[in-house]
Amino acid sequence: MATKVTIAPFEATALDIIPALASNARGTFRTHKTKSLEWRLVQLRKLYWAVEDFKPQLLHALAQDLHKSDYESLLSELDWVQKDCLFMIDNLAAFAKDEKLGAPHVPITFSMMNFRIRKEPLGTVLIIGPYNYPIQLVLAPLVGAIGAGCTAVIKPSELTPASAMVLKELIETRLDNNAYVVVNGAIPETNALMNEKWDKIFFTGSAGVGTIIAKKAAETLTPVCLELGGKNPAFITKNANLALAAKRLLWGKTQNSGQVCMSQNYILIDSAVVKTFIEFLKAAEKEMFPNGAKASPDLARIVNQRHFHRIKKMLDETKGEIVMGGQMDESELFIEPTAVLVNSTDDSMMVEESFGPIFCIYPVHSLDQALNIASSVHRTPLSLFSFGSKAENNRVLNEMTSGGATINDSYFHGSVNSVPFGGVGDSGSGAYRGKASFDCFTHLRTVAETPSWAERFLSVRYMPYNIKDLKFLQKMTAVKPNFDRRGAIVKGFGYWAALVFGLGGKGAKGALLRWLFVLASGYAFLVAKEARRA
Ligand SMILES: NC(=O)C1=CN([C@@H]2O[C@H](COP(=O)(O)OP(=O)(O)OC[C@H]3O[C@@H](n4cnc5c(N)ncnc54)[C@H](O)[C@@H]3O)[C@@H](O)[C@H]2O)C=CC1
Ligand SMILES: CC1=C(/C=C/C(C)=C/C=C/C(C)=C/C=C/C=C(C)/C=C/C=C(C)/C=C/C=C(\C)C(=O)O)C(C)(C)CCC1
């Protein structure tokens, strides 16, 4: 029997209780209970089971807010967060362990000082989420915050109200709600939160709102992690597998109806293969949606009318030619996956971030031209995709930066929950996921411990200075460069000794193995010689 699901209607948190909620989370951090690894593990385990137990409500909410299919909601939101919990639980002890600092970080002369890095929770953090993955994009950072030992206030997007309400119930009934609370609401509630002092703000959303958040945070020197959008290019050369490129890039624009900030905005393709590529694109669409995209139970819808009209406007204003898709229905907030052939960087399809199921195809005559266009459209996009020969893909990686990149596919670099994810330049700063989620909310605090008995050696630092002491210290601790003023390596005694004793290579382990090989060969030679004599 199907579980009956009821989701409370959206209710914004009262503005006047927001300061008390923040203050309570800060107070809880000051009790130091979050510093216990066992306490963090219990919260993570509880979060895992909360996601499991709230599955019916979460799936229902995602269907209500975005018409997401259960398949997609499980794959990219709920299973994702549960895997995150398990990854953090399994690795927390290793992540949180002090890191001993020996050579080469600490000179041997200071080795008695037990230099180490302590992993300290930053404190009380604010997590602000977007609408497109309303569960995953707030709970995944929360896993990092819990793992690191922080307390947190979470502000989900008001554009996905059902998900926001389920999240509130899930977090506040299952986790320690003196440590983790949800504030629901829009701009006034976010402004009220921004008037509080945080130890870090983790923001996922548009560059415009990211700028507002970063400016406000700067007033109190609050660190921020910004996960923003981008105009992401795909490069396709004559050497690409065109059928595969078409299918994989279409996947990037059909999952969540293309409301994925790391999906491609535009495709720069060699003009010699553009016609064939479009044929493959149409074939891939037919294969994914045999009865048409609108009839598919798998395709999500655009979140609301404002975003529907934003995307529609890009299509209305294009001077390009629609070569695939183009259907839409406002009553259902449906937009068909749509490709537009364009020939100018001023086209509406190139100027705006699509953040929907539409993208454009821009024919170019060379990879040089493609790289020039991509750098001028957005020098630091969130992602890029390259489909070409090994050499061409390497060129794209070398000559164009991005937050992350996938060769020969759409955003696979962002589809595995345990590898670091983040933007670069104006597509974001800071990273999370996997160990990076722990690091994101952790302060690396260097600690030294000077033993009392070392005073005799260390007394050279005290006044009154004696230049003889300094000379002696310099002699004992001098480090000499192995290069000259032109930047060339000086091949002195040390260089040749290392080469000879290292048997041609660097590194003690390699040298040891090569010596073992030489000795074993010598021994085998002697044994064989003896055998021949006998
Ligand atoms: N890099 C990443 O991981 C991701 C980036 N994005 C980007 O997010 C955008 C779409 O998501 P949206 O939810 O529309 O983003 P948004 O920036 O409009 O909203 C994000 C959050 O900020 C709050 N907010 C909105 N306006 C505000 C204001 N004036 N002052 C204070 N807070 C405000 C919202 O309530 C929401 O919680 C796209 O640009 C997309 O590229 C989306 C998902 C992932
Ligand atoms: C290889 C063998 C197997 C395994 C097969 C597997 C693992 C197949 C995997 C298929 C794929 C491609 C799964 C796709 C997953 C997509 C995900 C999880 C998407 C996530 C989306 C996210 C996180 C979106 C975030 C959005 C953001 C940040 C944004 O807006 O930018 C077998 C089958 C096990 C057999 C042996 C061989």
Side-chain angles (χ1 to χ4, degrees), residues 130 132 203-215 218 224-237 240 245 249 252-253 258-271 310 314 318 320 340 342-356 358-388 391-414 419-433 436:
N132 60 333
F203 172 82
T204 306
S206 61
V209 180
T211 309
I212 297 173
I213 301 289
K215 271 190 188 161
V224 287
C225 178
L226 299 172
E227 300 290 340
L228 311 174
K231 282 184 269 175
N232 308 315
F235 299 82
I236 302 181
T237 75
L249 285 171
K253 278 294 178 190
Q259 297 165 109
V260 184
C261 63
M262 55 184 171
S263 63
Q264 80 275 4
N265 228 53
Y266 61 102
I267 299 173
L268 296 159
I269 183 167
D270 193 305
S271 50
R310 175 185 63 75
M314 285 174 72
T318 181
V340 184
V342 301
N343 59 10
S344 158
T345 50
D346 296 332
D347 196 281
S348 57
M349 293 293 297
M350 292 288 287
V351 173
E352 302 295 328
E353 179 193 8
S354 126
F355 208 62
I358 67 171
F359 59 99
C360 62
I361 302 169
Y362 191 126
V364 291
H365 53 73
S366 65
L367 192 50
D368 282 317
Q369 190 196 0
L371 285 161
N372 282 334
I373 291 175
S375 305
S376 71
V377 169
H378 189 178
R379 201 181 62 80
T380 54
L382 184 61
S383 321
L384 67 76
F385 317 99
S386 184
F387 301 78
E392 288 165 336
N393 293 333
N394 278 337
R395 234 198 111 186
V396 171
L397 283 184
N398 275 339
E399 296 183 23
M400 175 91 199
T401 190
S402 63
T406 295
I407 306 291
N408 205 31
D409 208 326
S410 184
Y411 46 78
F412 229 91
H413 66 273
V419 298
F421 176 81
V424 59
D426 59 0
S427 63
S429 53
Y432 74 120
R433 295 189 183 170

- line: Shortest non-hydrogen pair, P233 vs L268, comes out as CB-CD1, 4.5 Å
message: Using 0.5 Å steps for rounding, measure from the CD1 atom of I236 to the CZ atom of F385.
response: 11.5 Å
query: Is there a donor-acceptor contact under 3.5 Å from the side chain of N393 to the main chain of I407?
result: no
message: Please find the pair of heavy atoms, one from G258 and one from S263, that lie closest to each other, and give the distance.
response: O-OG, 3.6 Å
statement: Of all heavy-atom pairs linking V342 and T318, the shortest is CG1-OG1, 4.1 Å
- request: Any chance you could measure M262, atom CE, to S383, atom OG, to the nearest 0.5 Å?
  value: 6.5 Å
With P381, the side chain to side chain contact (heavy atoms under 4.5 Å, CB included) member among Q264, M400, K231: M400
task: For F421, check ring-ring contact (aromatic ring centres under 6.0 Å, His included) against everything at least two apart and list the hits.
output: none
query: Looking at side-chain heavy atoms only, is the closest gap between F412 and S410 below 4.5 Å?
result: no
message: Could you measure the distance from the OG1 atom of T345 to the CG atom of N372? Nearest 0.5 Å is fine.
response: 11.5 Å
task: Locate the shortest heavy-atom distance separating E227 from A431; write the atom from each residue and the value.
output: OE2-CA, 4.0 Å
query: Given V340 and I358, is the side-chain contact (heavy atoms from CB on, under 4.5 Å) satisfied, shown in steps?
result: CA-CA 8 Å; V340 184; I358 67 171; 5.9 Å; no
task: Ignoring hydrogens and angles, tell me if any N or O in the side chain of S366 forms a donor-acceptor pair with the backbone of Q369 under 3.5 Å.
output: yes
message: Please determine whether the number of non-hydrogen atoms from other residues, nucleotides or ligands lying under 6.0 Å from atom CG of N343 exceeds 12.
response: no
field: Main-chain N/O of S354 paired to R310 side chain as donor or acceptor, under 3.5 Å
entry: yes
field: Side-chain heavy-atom pair H378, D426 within 4.5 angstrom cut-off
entry: yes
statement: The ring-ring contact (aromatic ring centres under 6.0 Å, His included) partners of Y411 (sequence neighbours excluded) come to W251
task: Would you mind reporting whether L249 and F387 have side-chain heavy atoms less than 4.5 Å apart?
output: yes
- request: Mark yes or no for whether T380, through its side chain, and G425, through its backbone, hold a donor-acceptor pair below 3.5 Å.
  value: no
query: Can you name the nearest heavy-atom pair linking M350 to I373, along with the distance?
result: CE-CG2, 4.3 Å
message: Among residues at least two apart in sequence or on other chains, which ones pass salt bridge (Lys or Arg N to Asp or Glu O under 4.0 Å) with D270?
response: none
message: Using the side chain to side chain contact (heavy atoms under 4.5 Å, CB included) criterion, which residues pair with V209? Sequence neighbours excluded.
response: F203, S206, I213
- prompt: Judged by atom type as modelled, is there a donor-acceptor pair below 3.5 Å linking the side chain of N232 to the main-chain atoms of C261?
  reply: yes
- prompt: Say you draw a straight line from OG of S344 to OH of Y362; how long is it, rounded to the nearest 0.5 Å?
  reply: 6.0 Å
- prompt: Going by heavy atoms in the side chains, are Y266 and V377 under 4.5 Å from each other?
  reply: yes
field: Under the salt bridge (Lys or Arg N to Asp or Glu O under 4.0 Å) test, residues paired with R433 that sit two or more places apart
entry: none
task: First locate atom CG of L384, then atom CG of L397, and finally report the distance between them rounded to the nearest 0.5 Å.
output: 6.5 Å
- prompt: Taking only residues two or more places apart in sequence or in another chain, which ones pass ring-ring contact (aromatic ring centres under 6.0 Å, His included) with F355?
  reply: Y131
- prompt: Within a strict 4.5 Å, meaning less than it, do heavy atoms of the L228 and L382 side chains meet?
  reply: no
task: Say whether S271 and H365, considering side chains only, have a donor N or O and an acceptor N or O under 3.5 Å apart.
output: no
